[in-house]
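What follows is a set of notes on a single structure, which appears directly below.
Values below: all heavy atoms of this structure, side chains included; hydrogens, waters and symmetry mates excluded. All residue numbers refer to positions in the sequence shown, counting from 1. In this text, all values refer to a predicted model and were calculated from it rather than measured experimentally.
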Amino acid sequence: MNHTTVVEFVLLGLTNSRHLEIILFLFLMIAYFLILLGNIAVISITLVNHFLQTPMYYFLRNFSLLEITFTSTFIPRTLYSLLTERKVISLPGCFLQMLLFFYLGTCTFFHVAAMSFDRYVAICHPLHYTTIMNNRFCLQLVLACWTASFLLMFPPTIMIVQLPFCGPNVMNHFYCDTSLLLQLSCTDTGFIEELMLIVIIIIIPGTLTVTAVSYGCIIVTILHIPSSTGRRKAFSTCSAHLMVVMIFYSTCIYRYIRPAQRGGQDSDKVLSFFFSVVTQMLNPYIYSLRNNKVKQALKERVLKAFPRSLRQL
């Protein structure tokens with residue numbers, strides 16, 4: 001068989017129960033609203049306030065843009081399926097979703113590593129921070145994240161797009177997953193599976209190493225802060241960051257690097273839901289909106305939005 005006979009795929013979604021689908025629809029709709037609201041707030045507030053024009057907020061702004069685009073590749077389609085019970089997706093639509101999901105997801109790993117490196121330089125080498133993290137280097141770092149993600153994910157995804165699919169066409173998932181597409185292909189996919197595993201090992205453990213080393217050095221530096229108040233404040237911020245990072249990486253590692261990994265299990269959907277929805281919902285509030293400077297900027301903008309007579313009350 002050297003041609004594609006399948007013209008559409010069936011995504012079974014998160015559950016088969018109609019009652020649970022309604023609950024999930026409401027939860028996912030609220031989560032998507034919070035993701036958009038939080039990230040749009042971060043982007044707008046860091047753009048219009050001059051005292052937030054620093055490397056840290058530059059990376060957070062790019063990270064928020066990435067989160068919006070990443071979640072928009074699958075959440076609107078999932079909401080539509082939950083609401084209408086229409087679980088069919090066209091072949092080109094499935095391939096496009098897969099390509100964008102894994103490309104933008106890969107960018108997320110690199111951006112997390114870049115932000116952790118930025119915090120490492122700021123806390124461990126504060127006197128050299130402005131010299132090292134200058135505008136040119138920050139731009140190069142962000143472009144490197146996007147470029148590296150493209151170079152790593154483009155070859156295997158293009159190879160998957162060229163595979164023949166002869167049926168069955170049912171995926172036990174809520175988005176088009178690469179492992180499931182490989183299982184549904186009617187040809188040998190051993191080489192692509194090995195290539196995907198190599199790429200994933202480069203991406204996840206590679207960026208995790210940078211992130212872990214950066215935060216490890218940060219924690220060591222914090223322990224040397226003489227003020228107990230300063231240590232508590234720094235540990236509060238780092239612990240929140242590390243919590244999100246641990247959830248994100250642990251679910252991704254178990255989902256994509258565990259031995260004899262085969263997709264299609266219900267546990268895979270739960271893990272995917274955690275790293276693609278839950279952590280994305282938490283990120284803008286953990287990384288940005290808990291920051292005192294951001295909260296102050298938001299407060300000033302909110303007050304300016306009201307008439308002067310109301311502000312004087």
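Taken from CG in Leu141 to CG in Asn62, the straight-line distance is 10.0 Å, to the nearest 0.5 Å. Note that CD1 of Ile40 and CG of Leu65 are 10.5 Å apart. Values are rounded to the nearest 0.5 Å. Remark: Ile219 CD1 to Ile123 CD1 distance equals 10.0 Å, nearest 0.5 Å. The CZ atom of Arg119 lies 11.0 Å from the OG atom of Ser214; values are rounded to the nearest 0.5 Å. Taking CD1 from Ile68 and CG from Asn39, the interatomic distance works out to 5.0 Å, rounded to the nearest 0.5 Å. Separation of atoms OG1 (Thr157) and CG (Leu96) is listed at 11.0 Å; rounding is to 0.5 Å.
The heavy-atom pair separating Val244 from Asn283 by the smallest distance is CG1-OD1, 2.8 Å. Contact record, Ile218 with Ser116: CD1-O, 4.3 Å, taken as the closest heavy-atom pair. Considering every non-hydrogen atom in both Phe150 and Pro155, the closest pair reads O-CD, 4.2 Å. Counting all heavy atoms, side chain and backbone alike, Ile43 lies closest to Ser64 at CG1-CB, 3.7 Å. For the residue pair Pro205 and Thr209, the shortest heavy atom distance occurs at O-OG1, 2.7 Å. Closest heavy-atom contact between Tyr285 and Leu34: OH-O, 3.0 Å.
Although no hydrogens or angles enter the test, the distance criterion places a donor-acceptor pair under 3.5 Å between the side chain of Ser81 and the main chain of Arg86. Glu193 places no side-chain N or O within donor-acceptor distance of the main-chain N or O of Leu182, the cut-off being under 3.5 Å. The main-chain N or O of Pro164 is found under 3.5 Å from a side-chain atom of Ser185 such that the two form a donor-acceptor pair. Side chain of Tyr175 to backbone of Thr73: no donor-acceptor contact under 3.5 angstrom is found. Proximity of a side-chain donor or acceptor of Gln280 to a complementary backbone N or O of Thr71 within less than 3.5 Å is not detected. Between the side chain of Glu8 and the backbone N or O of Ile89, no donor-acceptor pair lies under 3.5 Å.
Counting only heavy atoms from C-beta outward, the side chains of His111 and Phe59 never approach each other to under 4.5 Å. In this structure the side chain of Met133 reaches within 4.5 angstrom of the side chain of Phe117, judged on heavy atoms. Counting heavy atoms from C-beta on, the side chains of Leu184 and Pro168 come closer than 4.5 Å. Inter-residue side-chain proximity for Thr130 and Thr54 is flagged as unmet; no heavy-atom pair is nearer than 4.5 Å. Counting heavy atoms from C-beta on, the side chains of Tyr120 and His125 come closer than 4.5 Å. Taking the side chain as every heavy atom from C-beta outward, Met171 and Leu181 approach each other to under 4.5 Å. In this structure the side chain of Met153 reaches within 4.5 angstrom of the side chain of Met196, judged on heavy atoms. Phe275 places none of its side-chain heavy atoms less than 4.5 Å from the side chain of Ile247.
Transitive grouping of hydrophobic side chains (ILVMFWY, heavy atoms separated by less than 4.5 Å) keeps Val210 and Ile201 in distinct clusters. Taking hydrophobic clusters as Ile, Leu, Val, Met, Phe, Trp and Tyr residues chained together by side-chain heavy-atom distances below 4.5 Å, Phe33 shares a cluster with Leu26. Under the 4.5 Å side-chain contact rule for hydrophobic residues, Phe174 and Tyr80 do not share a cluster. Cluster membership for Leu28 and Leu20, using ILVMFWY side-chain heavy atoms within less than 4.5 angstrom, is not shared. Phe110 and Ile202 fall within the same hydrophobic cluster, where Ile, Leu, Val, Met, Phe, Trp and Tyr residues are linked whenever their side-chain heavy atoms come under 4.5 Å apart, directly or through other members.
Side-chain contact check for Ser44 and Arg61: no donor-acceptor pair (N or O, by modelled atom type) lies under 3.5 Å.
Within the structure, side-chain hydrogen bond (donor to acceptor under 3.5 Å, both in side chains) pairs that include any residue of residues 132-141 do not occur (at least two apart or interchain).
Residues meeting the salt bridge (charged side-chain N to carboxylate O under 4.0 Å, His left out) test with Arg18, sequence neighbours left out: Glu21, Glu85. Residues meeting the ring pair (Phe, Tyr, Trp, His ring centres under 6.0 Å) test with Phe109, sequence neighbours left out: Phe248, Tyr249. Under the rule for a side chain to side chain contact (heavy atoms under 4.5 Å, CB included), the partners of Met159 that lie at least two apart in sequence or sit in another chain are Phe191, Ile192, Leu195.
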Subject >> CA sep, side-chain torsions, deciding dist, call: Thr279, Phe274, side-chain contact (heavy atoms from CB on, under 4.5 Å) >> reply: CA-CA 6 Å; Thr279 58; Phe274 263 95; 5.7 Å; no
Original post:
Can Val112 and Val245 be said to form a side-chain contact (heavy atoms from CB on, under 4.5 Å), step by step?
Top reply: CA-CA 8 Å; Val112 169; Val245 169; 4.2 Å; yes
Subject >> Pair Tyr129-Asp118, side chain to side chain donor-acceptor pair (under 3.5 Å): steps then yes or no >> reply: CA-CA 9 Å; Tyr129 180 66; Asp118 170 72; 2.6 Å; yes
**OP:** Give the C-alpha distance, both sets of side-chain angles, the deciding distance and a yes or no for side-chain contact (heavy atoms from CB on, under 4.5 Å) between Leu242 and Tyr215.
**Re:** CA-CA 8 Å; Leu242 287 173; Tyr215 277 109; 3.7 Å; yes
**OP:** Any chance you could lay out the side chain to side chain donor-acceptor pair (under 3.5 Å) test for Tyr58 and Thr46, step after step, and finish with the verdict?
**Re:** CA-CA 8 Å; Tyr58 174 77; Thr46 55; over 6 Å; no
Original post:
How far apart are the C-alpha atoms of Ile253 and Leu208, what are their side-chain angles, what is the distance that settles it, and do they pass the side-chain contact (heavy atoms from CB on, under 4.5 Å) test?
Top reply: CA-CA 10 Å; Ile253 288 172; Leu208 178 58; 3.9 Å; yes
Pairs under 3.5 angstrom only: tabulate donor-acceptor contacts from the side chains of residues 98-108 to other protein residues two or more places apart or in another chain.
| residue | atom | partner | partner atom | Å |
| --- | --- | --- | --- | --- |
| Tyr103 | OH | Trp146 | O | 3.2 |
| Thr106 | OG1 | Phe102 | O | 2.6 |
| Thr108 | OG1 | Leu104 | O | 3.0 |

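Within the hydrophobic cluster formed by Ile, Leu, Val, Met, Phe, Trp and Tyr side chains joined at under 4.5 Å, directly or through other members, Leu12 is accompanied by Val10, Val88, Val170.
Sulfur atoms SG of Cys217 and Cys124 are positioned 2.5 Å or more apart.
A salt bridge is absent between Asp177 and Lys269; no separation between the charged side-chain nitrogens and carboxylate oxygens falls under 4.0 Å.
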